[in-house]
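Let me begin by presenting the structure, written as structure tokens, before commenting on it.
Just the heavy atoms: all of them, side chains too, but no hydrogens, waters or symmetry mates, feed the values below. Residue numbers begin at 1 in each chain, while the letters A, B, ... track the order of the sequences.
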Amino acid sequence: MSKEYSSFRDPSGYICEEDGKIIRYVGSCYQEQFDTLIASKLYDKLVKKGWLVPWNEVVCELPEGMIHKFEVKRIPIISYPYEWCFSQLKDAALLTLKIHKAAMEKGMILKDASAYNIQFYQGRPILIDSLSFDLYKEGMPWMAYGQFCRHFLAPLFLMVYVDSSLNSFNKIYIDGIPLELASKLLKGKGGMAVKQHIHWHAKATNEHRMDGRESKKTKEIMISKFNHLALIDSLIRIIEKLKVKGQETEWGDYYNHTNYTDKAADQKASIIEDYLERIDFKAEDIVWDFGANDGRYSRLGLDVCTNVGAFDIDCVAVEKNYNYMKDKKTNMLPLLLDLTQPSPGIGFGNKERMSITDRGNVKCLFALALIHHISISNNVPFGKVAEWLSELTENLIIEFVPKTDSQVQILLATREDIFTGYTQENFEKEFGRYFKLVEKKNIEDSERTLYLMQRS
Amino acid sequence: MYFDPGFGSLIIQVVVAGLAAVGACWAIMKGKVKGLFGKKNVAEDEEATEEETTSEEVVNEARDVNKEV
């Protein structure tokens, strides 16, 4: 049994892995809430809507202090809020509010509103923390309101009114963006919604930082159910209206400005399909596509297995891919990732939220039209790229882009060409230290070569 | 609660929830006022329908009378 490292804050229970299964234990201190969750049919309602991960009870001897053991549906690709595009964060926020509202109809309440309680499954957000519910008593305020503003509202407002990349702040602030910081960055921006939930909120948080340390004062704060629900409805309306303005980004319109002819693009897809057929996939295997852009090649992975992670540095590309896929009910998950500084392990011990490397060891990884950006634009030698990729994947489909390619010429146009080692021969040699070369094929109408490699 | 909700967050929540509630009440009242005008129109339609039905019945009775004849 290995306990999930991040499952330690809430004493209601914990998550662990046993015999390859995800297990949730429910603690005795959660008895009353658990009974209400089931008896009120709130659990049934949320699972039926696809809003909450389902579980099956495991009847066996339980550890001390635990009252239930459940096998929980495994989420194939784990992601974190700083890897989500704007629409993913928006949908996660709306789901949190709708679940909270549904809970209140059944006499319960969401006791926390952490973005880490949400994962993506079949293209849509889903709540994974089944013990997030507490009993609602008339007059109770929403204790998680502050957390909701830090985890969801602040980054959403920053993405809309300042810059769409500012979701990356979640990487350095594990409990959400501090409201004081958000308030400074949002000065003079946004309307009444930003004023209330960020500026006034930040001021109140600052002024009352030392108050309420006596628990009695916190217990004196009351809000009627009508006002509470009005607040939730208001937050839903505010978030639904949020839109990131259309932005031209470096990669957002990539496929309209490449040097692939239609014939070359079709042949590239055909080669990838051929390579995938040579790999022994199981349905639950995972394919990653680095530099996926709008996901057109990532989708080929869905023909061989059910789980595809489509990673790109560009928020517009990920946004397009997510909005295209979200109603298709597939487990293809577009995510933001900068390969030159990929998601690190963060939180306590740098282990609470896993690095992308720790989430790796997938069945197959695509590195298409990518190597020149890493090795030339970012000066990373072939050997280092190969070493890292060998930690991430068993099989590699990688495209070599030579210096004579027009895209590389563009990269070299404004800098000295110090890349004497950037040759196809050296590429094969360096990658050959970590991978076995299974096949290579030239793409017609282009100077590029597609390789199939297997980790040695 | 396993974390500190923040006293400032709770205080500001009372304010913003209050404002949201005022907005919600206004929306409900607006809906009711619209509904009142809406109900008047429905009532007029129902009267018109009743008159039409009465006219139909008269025509049908006349036909039946003619048939008998």
Side-chain angles (χ1 to χ4, degrees), chain A residues 8-12 29 111-114 131 134 140-150 175 179 192-193 195-215 217-238, chain B:
Chain A
F8 59 81
R9 290 208 162 76
D10 187 350
S12 305
C29 63
K111 68 184 177 195
D112 52 19
S114 165
L131 308 188
D134 206 348
M140 211 171 170
W142 191 23
M143 296 298 188
Y145 168 67
Q147 190 177 52
F148 182 83
C149 288
R150 293 193 308 275
D175 194 23
L179 295 177
M192 197 58 190
K195 207 171 261 189
Q196 290 178 65
H197 299 292
I198 303 294
H199 298 313
W200 295 355
H201 197 166
K203 205 162 174 234
T205 305
N206 257 344
E207 283 174 4
H208 297 279
R209 196 182 296 279
M210 298 310 291
D211 292 2
R213 293 286 158 137
E214 316 150 32
S215 60
K217 269 200 177 178
T218 307
K219 285 177 184 162
E220 284 168 1
I221 304 286
M222 306 274 277
I223 298 179
S224 71
K225 191 173 181 181
F226 181 85
N227 286 19
H228 192 140
L229 287 170
L231 171 63
I232 302 307
D233 283 336
S234 165
L235 286 169
I236 290 173
R237 280 196 304 276
I238 287 166
Chain B
M1 278 301 295
Y2 65 88
F3 62 91
D4 179 3
F7 193 64
S9 289
L10 297 179
I11 287 183
I12 204 66
Q13 193 181 144
V14 172
V15 173
V16 300
L19 290 172
V22 165
C25 288
W26 168 248
I28 292 169
M29 274 171 48
K30 208 167 137 186
K32 281 189 175 165
V33 165
K34 274 190 182 170
L36 275 174
F37 282 109
K39 274 185 184 170
K40 241 194 190 177
N41 288 339
V42 166
E44 281 170 358
D45 286 342
E46 279 175 356
E47 279 178 33
T49 311
E50 276 176 28
E51 282 169 3
E52 283 167 11
T53 310
T54 308
S55 307
E56 264 183 55
E57 282 172 8
V58 165
V59 166
N60 287 339
E61 275 177 18
R63 279 187 191 145
D64 291 339
V65 165
N66 289 338
K67 273 185 193 169
E68 282 175 20
V69 167

Can you give me the closest heavy-atom contact between Ser234(A) and Ala20(B), atom names plus distance?
CB-CB, 3.9 Å
At their closest point, which heavy atom of Trp142(A) faces which heavy atom of Leu10(B), and how far apart are they?
O-CD2, 4.2 Å
Is it the backbone or the side chain of Asp112(A) that comes under 4.5 Å from a heavy atom of chain B, or both, or neither?
both
Which one of Asn206(A), Thr205(A), Ile223(A) has the most heavy-atom pairs closer than 4.5 Å to chain B?
Ile223(A)
Write down the atom of Met143(A), the atom of Phe3(B), and the distance for their closest heavy-atom approach.
O-CE1, 4.2 Å
Compare every heavy atom of Asn227(A) with every heavy atom of Gly18(B), then report the nearest pair and how far apart it is.
CA-ND2, 3.9 Å
Closest heavy-atom pair and its distance - Tyr2(B), Pro11(A):
CB-CD, 3.8 Å
Residues 22-30 of chain B: residues contacting chain A (heavy atom under 4.5 Å, by number):
Ala24(B), Cys25(B), Ile28(B)
Would you mind telling me which of His208(A), Gln196(A), His201(A), Lys203(A) makes a side chain to side chain contact (heavy atoms under 4.5 Å, CB included) with Ile12(B)?
His201(A)
Testing the basics here: between Met222(A) and Val14(B), what is the closest heavy-atom pair and its distance to 0.1 Å?
O-CG2, 4.2 Å
Could you check whether any side-chain heavy atom of Tyr145(A) comes within less than 4.5 Å of a side-chain heavy atom of Val16(B), counting everything from C-beta outward?
yes
Separation between CD of Glu220(A) and CD1 of Ile11(B), rounded to the nearest 0.5 Å
10.5 Å
